[in-house]
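All heavy atoms count here, side chains included; hydrogens, waters and symmetry mates do not.
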Amino acid sequence: MNLRKILLFSLGPLGNAVLGLFILPISAWFFTTEDIGRLSMYQLVVSFSIILFGMGLDQGYVREYHDSPGRQKDTLFKTLFLSAVALLLFIVLAIFLLPVDLSFLITGIKSGWISLYIALGVMLAFSSRFFALILRMNEKALAYSLSQLLPKLVFLLVLLVYLYFEVSSKFEYLILAQLVGVSSAFVILIINTRESLIQAAKASFDLTLLKRVLVYTIPLIGSGLTFWGLAATDKFFLRLLSTFEELGIYSMAYSFSGAALVLQAIFSTVWAPQVYKWAAKGEGEEKVKNLVQILALLICLVWSLTGLLSWLSLFILPDKYAKVDVLIIAVIAYPLLYTLSEATGVGIGVKRKTIYALLATFMALVVNVFGNYLLIPILQSGGAAISSALAFFIFFIIKTEYSSHIWIRFERVRMYLIISLHILLASTFNIYAGISLEFRLLSYLGLTLFTIILFWKEVKLFLGFISTYRKP
């Protein structure tokens, strides 16, 4: 994959991060915190459905694609897509036939329309996931990125229409805006993949192929659900042990920190394939060691920068979101530490010891469950943020240690020290809400200087790389 395609594939996460900067304040001012919390629960249900009812067949399609020559690719798509959709439709129909109020279960509101919107949203997002993979595997980078951008772009446009026509700020309209965004992406994906879909419709259904792929994908469901649980535990415990208002405030902070996932999306596109290439040739050990330390430096500096600038959120959000500025510095642990673990834990993938990654996720999940259960009744959303930060720190350490043990051993003390200090500061500021902004800024300024001093060798390496890259 060349640099141009990498940049085009990066347009999706980058564009979504930019759109989020407009969507977050508009939705915060127009809808209640409770409705923002309800929308967060809906989004969790969508992601859960894709992982569980997809049976990992989306990953199976990616795995088998290049091993399926010619028209066998059409058979592969038809077999896997129809199998996954059939299971999802069966579950959705069963829910509507049973005496279960889907809307009340997820949002706390009894509404047949909301139940319908949730079901449609899940099915459209589910199908769009498979259609987008056709573009991804054919390396149609621009079309793929646009399909990822469209739901948020249309969602933003619908919100602006609501504002212009002074539409009632009810949750039904918020989830409807989400549904319109997902629907637009679904339609565009069908148009962009129509030739492949027509060929797939003509292809045969291969039961033997399905059985073979399921042998590979079924174990992935457990791994995917475990990580989903790790990332979603905080929101579910807030739903159970607190209020939709606290969940809404937390979700707003989570959405701001989610912009850091852009780093992970771009990094994963480049890092793993390059490391696997080095490993296959038996080279690159020193490069891996240096790049891991440089990334650790950058991650820690981004965290410090977040601590220095999070107070700016107070100027674009209503007063009811006053806690968001301290929540951000804790919940950003998830995207930052996950990104760093992708680098420090790459040896697990190189040595094909994926059981270690599952163990790291499971142990972190246990920490998160107990942390949320103990802290949310005391600290509300602040407790969820602290628990999540601690859990992802455990996840990062375990994954890093396993990888270092089975592949390349690299120095880890400095990154553990700096990250521990970040966890300590984030926890302190969420526990003691009365600490002054001045003290917080001085703390993060001091931590920034300490990080630069401790990683001075990596600072020089990074600056040297930038200056070399800029030379004609």
Working note: Leu146 + Ile188, criterion side-chain contact (heavy atoms from CB on, under 4.5 Å); need CA distance, chi angles, decisive distance, verdict.
CA-CA 9 Å; Leu146 290 177; Ile188 294 299; over 6 Å; no
Is there side-chain contact between [X] and [Y], with heavy atoms separated by less than 4.5 Å?
X: Thr344; Y: Lys399; value: no
X: Asp101; Y: Ser115; value: yes
X: Ser196; Y: Lys73; value: no
X: Val331; Y: Tyr250; value: yes
X: Leu298; Y: Trp303; value: no
X: Phe171; Y: Leu39; value: yes
X: Val367; Y: Phe395; value: no
X: Glu64; Y: Gln72; value: no

Is there a donor-acceptor pair under 3.5 Å between the side chain of [X] and the backbone N or O of [Y]?
X: Ser27; Y: Leu24; value: yes
X: Gln380; Y: Gly383; value: no
X: Ser387; Y: Ala384; value: no
X: Glu246; Y: Ser381; value: yes
X: Tyr162; Y: Tyr173; value: yes
X: Ser147; Y: Ala185; value: no
X: Asn368; Y: Ala364; value: no
X: Glu195; Y: Leu197; value: no

Test log, rule side-chain contact (heavy atoms from CB on, under 4.5 Å), inputs Ile398 and Glu401
CA-CA 5 Å; Ile398 296 173; Glu401 290 301 314; 5.9 Å; no
Could you note down all residue pairs passing ring pair (Phe, Tyr, Trp, His ring centres under 6.0 Å) where residues 176-203 supplies at least one of them, sequence neighbours left out?
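Output for this query lists Phe131-Phe186.
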Would you call Asp58 and Arg129 a salt bridge, using N to O less than 4.0 angstrom?
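Looking at Asp58 and Arg129, the cut-off is met.
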Heavy atoms of other groups near [X] [atom1], more than 12 under 6.0 Å:
X: Phe30; atom1: CZ; result: yes
X: Tyr373; atom1: OH; result: no
X: Phe96; atom1: CZ; result: yes

For Ile118 and Ile114, what are the C-alpha separation, side-chain angles and deciding distance, and is it a side-chain contact (heavy atoms from CB on, under 4.5 Å)?
CA-CA 6 Å; Ile118 292 172; Ile114 293 177; 3.9 Å; yes
What is the minimum heavy-atom distance between [X] and [Y], and which atoms define it?
X: Ala143; Y: Asn192; result: CB-ND2, 4.3 Å
X: Leu374; Y: Ile378; result: O-CD1, 3.5 Å
X: Gln148; Y: Asn16; result: O-ND2, 3.3 Å
X: Thr361; Y: Ala357; result: OG1-O, 2.8 Å
X: Glu245; Y: Thr33; result: CG-OG1, 3.2 Å
X: Cys300; Y: Ile419; result: SG-CG1, 4.1 Å

Pairs under 3.5 angstrom only: tabulate donor-acceptor contacts from the side chains of residues 46-54 to other protein residues two or more places apart or in another chain.
from  : atom 1 : to     : atom 2 : distance (Å)
Ser47 : OG     : Gln43  : O      : 3.4
Ser47 : OG     : Leu44  : O      : 2.9
Ser47 : OG     : Trp228 : NE1    : 2.9
Ser49 : OG     : Val45  : O      : 2.8

Can you tell me how far [atom2] of [Y] sits from [atom1] of [X], rounded to the nearest 0.5 angstrom?
X: Phe155; Y: Leu19; atom1: CZ; atom2: CG; answer: 11.0 Å
X: Thr107; Y: Asp35; atom1: OG1; atom2: CG; answer: 9.0 Å
X: Met252; Y: Phe256; atom1: CE; atom2: CZ; answer: 6.5 Å
X: Ser242; Y: Leu247; atom1: OG; atom2: CG; answer: 8.0 Å
X: Phe392; Y: Leu337; atom1: CZ; atom2: CG; answer: 8.5 Å
X: Tyr416; Y: Phe393; atom1: OH; atom2: CZ; answer: 7.5 Å

Residues forming a side-chain contact (heavy atoms from CB on, under 4.5 Å) with Thr217, sequence neighbours excluded:
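For Thr217 the side-chain contact (heavy atoms from CB on, under 4.5 Å) partners, ignoring immediate neighbours, are Leu57, Val213, Leu214.
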Got a sec, which residues hit side-chain contact (heavy atoms from CB on, under 4.5 Å) with Val182, two or more places apart in sequence or on another chain?
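side-chain contact (heavy atoms from CB on, under 4.5 Å) list for Val182, sorted by chain: Leu124, Ala125.
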Compute whether any side-chain donor of one residue and acceptor of the other, for Arg412 and Ser404, lie under 3.5 angstrom apart.
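Result is yes, a qualifying pair exists.
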Does a donor on one side chain sit under 3.5 Å from an acceptor on the other, for Asn372 and Thr233?
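The answer is no; no qualifying pair exists.
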Does the plane of the ring in Tyr402 sit parallel, tilted or perpendicular to the ring in Tyr356? Use 30° and 60° as the thresholds.
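The arrangement is parallel - the two ring planes meet at less than 30°.
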Under the side-chain contact (heavy atoms from CB on, under 4.5 Å) rule, what do Val302 and Leu336 come out as? Steps first, then yes or no, please.
CA-CA 8 Å; Val302 168; Leu336 294 183; 3.9 Å; yes
Centre-to-centre under 6.0 Å for Tyr65 and Tyr61, is that the case here?
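Judged by ring-centre distance (under 6.0 Å), Tyr65 and Tyr61 do meet the cut-off.
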Sub-6.0 Å ring centroid separation between Tyr338 and Phe227
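Centroid distance Tyr338-Phe227: below 6.0 Å, so yes.
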Test salt bridge (charged side-chain N to carboxylate O under 4.0 Å, His left out) on Arg38 and Glu172; report intermediate values, then the result.
CA-CA 11 Å; Arg38 292 183 178 104; Glu172 286 87 340; over 6 Å; no
With a 3.5 Å cut-off and sequence neighbours excluded, list the donor-acceptor pairs that the side chains of residues 74-91 form with protein atoms.
from  : atom 1 : to     : atom 2 : distance (Å)
Asp74 : OD2    : Arg71  : NH1    : 3.4
Lys78 : NZ     : Ala201 : O      : 3.2
Lys78 : NZ     : Ala203 : O      : 2.7
Thr79 : OG1    : Thr75  : O      : 2.8
Thr79 : OG1    : Asp206 : N      : 3.0
Ser83 : OG     : Thr79  : O      : 2.6

When you measure from the centre of the six-membered ring of Phe410, is the NZ or CZ of Lys289 under 6.0 Å away and within 45° of the axis?
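No; the conditions do not both hold, so Lys289 does not lie above the ring face of Phe410.
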Enumerate the salt bridge (charged side-chain N to carboxylate O under 4.0 Å, His left out) contacts for residues 221-243, please, sequence neighbours excluded, ordered by first and then second residue.
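Matches after skipping sequence neighbours: none remain.
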